[in-house]
Trainee: 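Take a look at the following structure, please.
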Amino acid sequence: VKALVRNPAKVSIRHDRLVLITGDFDNTEALTLLVKDAKFVVCMAAAKPVDGLYPEFYMFHFVRDRLYPILAQSTTLKVFLYQAGSMSTGSHFHHPVAWIMKQTLGRKLNIFPKIDDNNKIIRFLLE
């Protein structure tokens, strides 16, 4: 298992089969090393709010412009899983109960920009 981390000192788990790769979303070299020889890639990353605001389509630009080109060049990759969150659907269809929950939580927690970002990624990956 390989994990991209900004600060390896903050990772308390140690294991012989865990490889920590120091870097961030803008470090193409670290991302390439992360994907190298991988069969499965799971993205559980999230954008960090700046001054309390979610950066517009931050994760979409990361996935489309930084990560996906590296994934597309891989000869070993079988599966890419993007963890988008339970309120993201990638489409405009919502079960009525899910729609009510999304509207309530979205307003209360101010998560609509994140949901929109995740939905855009889902649509990109499905194209």
Side-chain angles (χ1 to χ4, degrees):
V1 173
K2 295 187 243 179
L4 180 70
V5 296
R6 286 186 204 103
N7 184 349
K10 290 186 175 182
V11 179
S12 61
I13 298 171
R14 298 289 182 244
H15 193 279
D16 294 342
R17 296 179 71 182
L18 174 63
V19 177
L20 302 178
I21 297 173
T22 304
D24 57 31
F25 293 166
D26 295 321
N27 188 325
T28 302
E29 184 178 321
L31 293 170
T32 302
L33 187 58
L34 186 70
V35 172
K36 184 181 179 193
D37 299 326
K39 291 181 183 176
F40 306 95
V41 173
V42 179
C43 181
M44 298 173 56
K48 186 176 181 180
V50 177
D51 296 326
L53 299 174
Y54 187 86
E56 186 175 35
F57 299 118
Y58 183 87
M59 289 305 298
F60 170 73
H61 291 294
F62 164 68
V63 170
R64 185 192 67 185
D65 302 336
R66 301 268 186 201
L67 185 59
Y68 196 80
I70 295 167
L71 297 174
Q73 291 180 357
S74 173
T75 59
T76 59
L77 184 67
K78 293 182 179 183
V79 175
F80 172 59
L81 175 64
Y82 179 79
Q83 197 308 103
S86 61
M87 295 291 142
S88 302
T89 63
S91 70
H92 297 291
F93 173 78
H94 298 283
H95 186 278
V97 173
W99 184 87
I100 291 169
M101 287 176 54
K102 178 181 171 181
Q103 298 304 311
T104 304
L105 291 173
R107 283 183 176 79
K108 185 80 171 166
L109 302 175
N110 192 28
I111 59 173
F112 283 122
K114 184 175 183 174
I115 292 170
D116 292 343
D117 193 11
N118 286 331
N119 285 338
K120 193 167 183 169
I121 294 167
I122 293 168
R123 288 190 300 275
F124 167 74
L125 293 173
L126 290 174
E127 290 177 352

Trainee: First locate atom CG of Leu77, then atom CG of Leu71, and finally report the distance between them rounded to the nearest 0.5 Å.
Mentor: 5.5 Å
Trainee: Enumerate the residue pairs fulfilling salt bridge (charged side-chain N to carboxylate O under 4.0 Å, His left out) with a member in residues 23-38, sequence neighbours excluded, ordered by first and then second residue.
Mentor: Asp26-Arg66
Trainee: Do Val79 and Lys39 come close enough that some side-chain heavy atom pair is under 4.5 Å?
Mentor: no
Trainee: Kindly check if the number of other-residue, nucleotide or ligand heavy atoms within 6.0 Å of CZ (Phe112) is above 12?
Mentor: yes
Trainee: Would a 4.5 Å heavy-atom cut-off, applied to side chains only, mark Pro8 and Val5 as touching?
Mentor: yes
Trainee: What is the minimum heavy-atom distance between Leu31 and Ile70, and which atoms define it?
Mentor: CB-CD1, 3.5 Å
Trainee: Specify the closest pair of heavy atoms between Asn118 and Ala84, including all atoms of both residues, with the distance to one decimal.
Mentor: ND2-O, 2.5 Å
Trainee: Pick out which of Val35, Val42, Val41 makes a side-chain contact (heavy atoms from CB on, under 4.5 Å) with Phe80.
Mentor: Val41
Trainee: Does Phe40 reach the side chain of Leu81, with side-chain heavy atoms less than 4.5 Å apart?
Mentor: no
Trainee: Do the side chain of Thr76 and the main chain of Ala38 share a donor and acceptor less than 3.5 angstrom apart?
Mentor: yes
Trainee: In terms of side-chain heavy atoms, does Asp117 have a donor or acceptor partner in Tyr58 at a distance below 3.5 Å?
Mentor: no
Trainee: Can you label the angle between the Phe124 ring and the Phe60 ring as parallel, tilted or perpendicular, going by 30° and 60°?
Mentor: perpendicular
Trainee: So, for Arg64 and Pro69, which heavy atoms are closest and what is the spacing to 0.1 Å?
Mentor: O-CD, 3.3 Å
Trainee: Which pair of heavy atoms, one from Glu56 and one from His61, lies closest together, and at what distance?
Mentor: O-CD2, 4.2 Å
Trainee: Could you state whether Leu20 and Val1 fall into the same hydrophobic cluster, counting links through intermediate Ile, Leu, Val, Met, Phe, Trp or Tyr residues with side-chain heavy atoms under 4.5 angstrom apart?
Mentor: yes
Trainee: Would Phe25 and Met59 satisfy side-chain contact (heavy atoms from CB on, under 4.5 Å), going step by step from the backbone distance to the final call?
Mentor: CA-CA 9 Å; Phe25 293 166; Met59 289 305 298; 3.7 Å; yes
Trainee: So, taking the atom named OG1 in Thr22 and the one named CG in Asn7, what distance separates them when rounded to the nearest 0.5 Å?
Mentor: 8.0 Å
Trainee: What heavy-atom pair brings Val50 and Pro55 nearest, and what distance separates the two atoms?
Mentor: CG2-CG, 4.3 Å
Trainee: Which value, rounded to the nearest 0.5 Å, describes the distance between Asn27 atom CG and Ile21 atom CD1?
Mentor: 10.0 Å
Trainee: Take Ile111 and Tyr54, measure what side-chain contact (heavy atoms from CB on, under 4.5 Å) needs, and give me the verdict at the end.
Mentor: CA-CA 8 Å; Ile111 59 173; Tyr54 187 86; over 6 Å; no
